[in-house]
Amino acid sequence: MKKKLICLLCVLVVIFLTASSTVIFSHLTPPANWPPSYQATVEYGETDLIFDDTGPLWAYISFPVVGDANDEIIAAWAQDTYQNARDKVAALRKNDREAHGVIGIHFDSYLVGDRYAGILEEGTFINSGSEYPINIVRTFNIDTETGMLLKSSDILDYAQLESILFFIRERIIADDPDAANSLGEMNASWLEHIVVSHDGVAVIMERGAFLPANFDTLKITIPYESLGSAFLLRESPPEGALPEPPMSLIIPNFPPLRGDIDPTKPMVALTFDDGPSRQTLRILDVLEKHGGRVTFCVIGSWVNAKQNTIRRAFGMGCEIVGHSWNHRNLSKLTEEEIRKQISDTNAAIELITGVAPRWFRPPYGAVNDRVRSVSEDLGCAIIKWSIDPNDWKVRDANKVHDMIMANVHDRAIILSHDLYGSTAAAMERVIPELIAKGYQLVTVSELMYYSGTTLVAGRVYTSGK
Ligand code: ZN
């Protein structure tokens, strides 16, 4: 924690230098806070330094000496980086005798699993010819047993590239959707600078190369648990982490389109099975009046006849997922039958909403190994519930209302059925009362997103917690 604070101070110093560079450099005096201080983590290698405090280029480039053939490569990189900065300032000085610059680069090194060394060189080059500091990032990963310098594809399994990139993209969007848009299409160049560290594989995407100059450099650490088999350096698994869940089964979870939810406040997901029906419209009317969104788990064979209802619900921000094709108990079906029940329903929904459901609600909540394995194949999670008011059985609006209000909790998933007038009548009271109690009514996908719950294909979930 303390180290992080010191790093943050360094960043602030750099920002300060940038903001005031024109003043600081006007008479070739050293910049303020020169040389820059940095509390480095050095677990591998001795520290060497390129240092120049005479101007017009002030340079502080630290790099490790590791005692094998890689030293030549690392030192050559440091020298090149220094020389490029010198050339740049020299070129500027042809037109401007006051031109100047400062380059500050530090490194951290980690020894992971007693065998793999990760080295992260990071810094900025500020010069009077550029409005923004130029970010400099370079990583080296070394197998200390063989002395091999590892490429990104030696560390990560590129056969699982899409899953890895999805994970990175999801993290970026969670932090800064604008940065995610600026990165454009996912591609392997995102993994140009990766470094093994104790928490996982860190991915560094620097502004200038990946992002416009007005963004911050992104650093995303993919935990070893999330990487699973996508992490190839398995001989000495770092921290004894198990490959669970495998990256390929993680269902991408993008931020909800409507950003009107406060994740620090309570939220619940009302879900309605067995529709759509006339009662669905009544529930939508209540939502229209009071606000909030719910999730409909629809019967696939009814979807086509109820397109308008589904369109209206989806247009209001509600989520539409499947509840099997014709309400069969999936645990009693063959693999092929289960697959058809789920995928036919998903296809029918996607045809109308344009969104492929990422999870489904099994009829009767019935799940066995076959159901789990098919949904894993289909890339779908299984969502059950944490509150069941038995509305299909009691058919009494007051009882359904009382049962929900007595049991409601933050991040609950509440089961009901938009097939019964009594349920719709209960919702006419439940929905405004939940809102009055401070609950935000969200879809299940929103609930999972804001609860930081990663959906894994084939797994069963009962609430946002
Ligand atoms: Zn049902």
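By convention here, the first residue in the shown sequence is residue 1. Counting starts at 1 for both ligands and their atoms, in listed order. Here the structure is a predicted model, which means the values were calculated and not measured.
Panel note: side chain Gln341, backbone Trp325; a donor-acceptor pair is recorded below 3.5 Å.
When you scan the N, O or S atoms of His327 for the one nearest the Zn ion (ligand 1), you land on NE2. Within Asp274, the N, O or S atom lying nearest to the Zn ion (ligand 1) carries the name OD1.
Counting heavy atoms of neighbouring residues, nucleotides and ligands inside a 6.0 Å radius, atom CD of Glu162 does not exceed 12 of them.
Distances from the Zn ion (ligand 1) show that Cys297 has no N/O/S atom below 2.8 Å.
The side-chain heavy atoms of Asp260 and Arg293, taken from C-beta on, include a pair separated by under 4.5 Å. Counting heavy atoms from C-beta outward, His106 and Glu121 have side chains that stay 4.5 Å or more apart.
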